[in-house]
Amino acid sequence: MYSEKSTPRAGQPPRAPISLEGERRKAMKLIYRLEKDCETFREKYLLGETDENSDEWVEFVNLAKNKGTSHYKDYRVFSRELDRLREDRGYLGSRVLTITQLEKVCERARQFERLYQLNCQRVDDALNQYMAKYCQSFFAELEDLDVESVRDYENGINDWQYEINDCLMEAERAKEDLHDIAGTSFVEYLNGYGSVLRCMHAALDAFLGVADPFRSWVTADEGYLTKVRLELDCLRRQKQNKNEVLRKNSFKINEKKSKELRTSFNNKKLGEKVSGTVSNRQFCRKREFSFVDKIEMAENILHERQMELEEAMNKLHTRPLHSLVREPSDGMKDKTARLQHEVNKMERNLEQMKKGKRNMRETRYHLQKEYHHLQGVYEANIKKAERVSEEFKDQKKQVRDITEDIKILDRKIRALKRVIYVKSHPATVKKIFFEGFAPGEKLDFRDTLREAIDVAAQGVGKDWSKMYQTLPFNPPRDPLLRSQDLELLDMDFKSVHPPTEQMALRSLDKWKSLSKVTSVNALVRTLKSIKKTDVAKQIEKNVLTVVN
């Protein structure tokens, strides 16, 4: 009853894929058949079935066992005896209804076994041969970057696989319970037939439960590229906005830098002015002290001259009376006049000195006031310069952070482009089919065979014809046809001694065009078989190692 009449057939090796859509369709075909067969089995064999006649079945089987010589281990052994029991002329043969019911019990068990095995194979093929094999997120292309659409799809894949495996485990548990109920004889199977029916229902429910995660997986895979492209557009907009912010912040950082330099230059000039004010104040202080010393000396000299003048005046006024008649000749009057002149002059100088002292003091007070004012301005400017410097550092840090964000966005954009390229590339499913793929690997779409052919053509030398005779062909090509191929290759060159590298390249291109299945590994094996191990190792090192 239950078999695969169209492709894909459960249990058969899959064919080379054509497209990702085709592989998804194959997986869902298997799941649709699973659902259809489960519902058909339920309607045909389980709907309305009960164990109300199980006692009569057990009685009949025991009678048949007592009359016969065989032990009914399971339904298979008993079903082979049904034809004999139906033809029995006695009491057993007269119970037609019981025999019919037992035939249906055996047929139900047989069809359930077939359906169970077929559904397990269908789920395994749909999961491992189609969905898990081709419906990948290719998160390895992100190189440890966190992209929401890829992360959500990869997490979804893990969840769906877990749900599918969980449903299979439930079906397996129901099958194990069914096996435990059957025990060691068909009689035990019939005694617990109510539990048998429940186990069959549970197994069918478990199989039907795999359909939802498969549908969700297919739907998510169909919309995966759309979500990736939407996130790619979002990342591009974010990058554009970040570039605009970076441009504005770059202008601001230049302004902050100019402001810092200008503030530093003004502070330097103001510091020089403060230092000059301090120097001038110290100079004024020294001049003031100098005036004090000079005034003291001038006052002392003035006092001496005043004493001399007073003494001369006393002498002049105490002269004899006869000196009033006639001018004395002792020169006292001239001396008095000279001393008076000197005293007057020294008094004027002293007054000038005192005035200079007052002026110097006023200048010093003015410079001191100016110093305190400039010192306050200088300290305020120093704090302002520190604040500007901190703002400049913060602006630089912000610019560095924005630059790093832009670099990360660039990496994400390149990674998503790579994911779109790999996911939408028509050769991806073929590459996975022929070369295999495990989640976490990166696909390489380089033409590795062409690279290997170039390396082999350069190193094989004069053994190119031997290499061509040894290469594997699919479909097979006999030595006669290969010799004709080599003759045709020789005829393409008019020179007597054609270049070996060119001939080797032509022969390998011929092999690539005539054989349906060609690979780097096949070329490496051929080179090793003709003792060209060094060339084979060079291919393994420069081509296969890089790919792996």
Side-chain angles (χ1 to χ4, degrees), residues 19-21 24 131-161 216-260 388-429 431-432 435 437-448 546-548:
S19 65
L20 178 60
E21 292 77 8
R24 288 197 297 255
M131 294 301 297
K133 192 172 185 178
Y134 300 111
C135 297
Q136 297 284 342
S137 65
F138 301 104
F139 66 92
E141 304 294 338
L142 299 181
E143 297 178 348
D144 299 328
L145 293 172
D146 185 19
V147 179
E148 183 179 359
S149 58
V150 180
R151 182 188 69 239
D152 291 346
Y153 183 50
E154 183 63 26
N155 292 337
I157 290 175
N158 295 330
D159 293 339
W160 296 319
Q161 286 181 332
S216 300
W217 194 346
V218 169
T219 303
D221 195 70
E222 290 174 347
Y224 178 53
L225 285 181
T226 302
K227 289 185 177 180
V228 171
R229 289 190 177 98
L230 289 175
E231 186 155 5
L232 179 61
D233 294 337
C234 181
L235 291 176
R236 284 170 174 165
R237 288 194 296 270
Q238 290 180 15
K239 180 184 175 183
Q240 185 178 359
N241 296 334
K242 290 282 185 182
N243 282 327
E244 182 65 22
V245 173
L246 179 63
R247 184 182 66 82
K248 292 180 180 179
N249 284 340
S250 298
F251 288 150
K252 287 182 180 179
I253 200 172
N254 291 331
E255 292 177 0
K256 295 289 184 184
K257 182 66 175 177
S258 301
K259 188 176 180 180
E260 184 184 20
V388 171
S389 178
E390 289 296 328
E391 292 176 357
F392 176 69
K393 290 179 181 178
D394 293 340
Q395 202 74 31
K396 282 182 68 176
K397 183 178 181 301
Q398 189 175 358
V399 168
R400 284 197 302 269
D401 294 341
I402 295 174
T403 304
E404 289 298 323
D405 292 342
I406 291 175
K407 289 181 180 178
I408 293 174
L409 288 174
D410 279 334
R411 289 180 59 199
K412 287 184 178 181
I413 289 171
R414 288 195 299 271
L416 287 183
K417 286 181 178 178
R418 175 71 179 172
V419 169
I420 293 173
Y421 173 77
V422 172
K423 187 72 175 178
S424 60
H425 200 288
T428 299
V429 291
K431 191 174 185 67
I432 292 174
E435 300 180 10
F437 176 78
E441 293 180 356
K442 295 182 68 175
L443 286 178
D444 192 343
F445 281 93
R446 295 187 310 149
D447 192 353
T448 54
V546 173
V547 173
N548 293 335

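Keep in mind that the numbers below use all heavy atoms, side chains included, and drop hydrogens, waters and symmetry copies.
A 4.5 Å side-chain heavy-atom check between T428 and H425 finds at least one atom pair inside the cut-off. Between L20 and K423 the shortest side-chain heavy-atom distance falls below 4.5 Å. Within the 4.5 Å cutoff, side-chain heavy atoms of V419 are placed close to those of Y224. Taking 4.5 Å as the limit, some side-chain heavy atom of E244 sits within range of a side-chain heavy atom of K248. Looking at V150 and F138, their side chains never come closer than 4.5 Å, going by heavy atoms from C-beta outward.
The CZ atom of R247 sits 12.0 Å away from the CD1 atom of I402 when rounded to the nearest 0.5 Å. Atom CH2 of W217 is separated from atom SG of C135 by 6.5 Å, given to the nearest 0.5 angstrom. Interatomic distance, K417 NZ to I420 CD1, rounded to the nearest 0.5 Å: 9.0 Å. For the atom pair CG of L416 and CZ of R236, the computed distance is 9.0 Å after rounding to the nearest 0.5 Å. For the atom pair CG (L142) and CZ (R411), the distance works out to 9.5 Å, reported to the nearest 0.5 Å. From Q395, atom CD reaches atom CD of E391 across 8.5 Å, with rounding to the nearest 0.5 Å.
Open room surrounds CD on Q240; 12 or fewer heavy atoms of other groups in view lie less than 6.0 Å from it. In N158, the CG atom is crowded: over 12 heavy atoms of neighbouring residues, nucleotides or ligands sit closer than 6.0 Å.
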Between L235 and Q238, does the side-chain contact (heavy atoms from CB on, under 4.5 Å) criterion hold? Intermediate values first, please. CA-CA 5 Å; L235 291 176; Q238 290 180 15; 3.9 Å; yes
Would you please test R229 and D233 for salt bridge (charged side-chain N to carboxylate O under 4.0 Å, His left out) and show each step? CA-CA 6 Å; R229 289 190 177 98; D233 294 337; over 6 Å; no
Candidate pair R151 and E154, rule salt bridge (charged side-chain N to carboxylate O under 4.0 Å, His left out), full reasoning: CA-CA 5 Å; R151 182 188 69 239; E154 183 63 26; over 6 Å; no
Let's go through K412 and D405 carefully: what are the C-alpha distance in whole Å and the side-chain angles of both, what is the deciding distance for salt bridge (charged side-chain N to carboxylate O under 4.0 Å, His left out) to 0.1 Å, and is it a yes or a no? CA-CA 10 Å; K412 287 184 178 181; D405 292 342; over 6 Å; no
Stepwise salt bridge (charged side-chain N to carboxylate O under 4.0 Å, His left out) check, D410 with K407: CA-CA 5 Å; D410 279 334; K407 289 181 180 178; over 6 Å; no
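Among all heavy-atom pairs drawn from I432 and K133, the shortest one is CG2-O, 3.6 Å. Between S424 and L225 the shortest heavy-atom distance is CB-CD1, 3.9 Å. The shortest heavy-atom contact between W160 and A220 is CH2-CB, 3.2 Å.
The backbone N or O of S149 lies less than 3.5 Å from a partner atom in the side chain of E231, making a donor-acceptor pair. In this structure, Q136 contributes its side chain and A132 its backbone to a donor-acceptor pair below 3.5 Å.
No hydrogens or angles considered: a donor-acceptor pair under 3.5 Å links the side chains of Y153 and D221.
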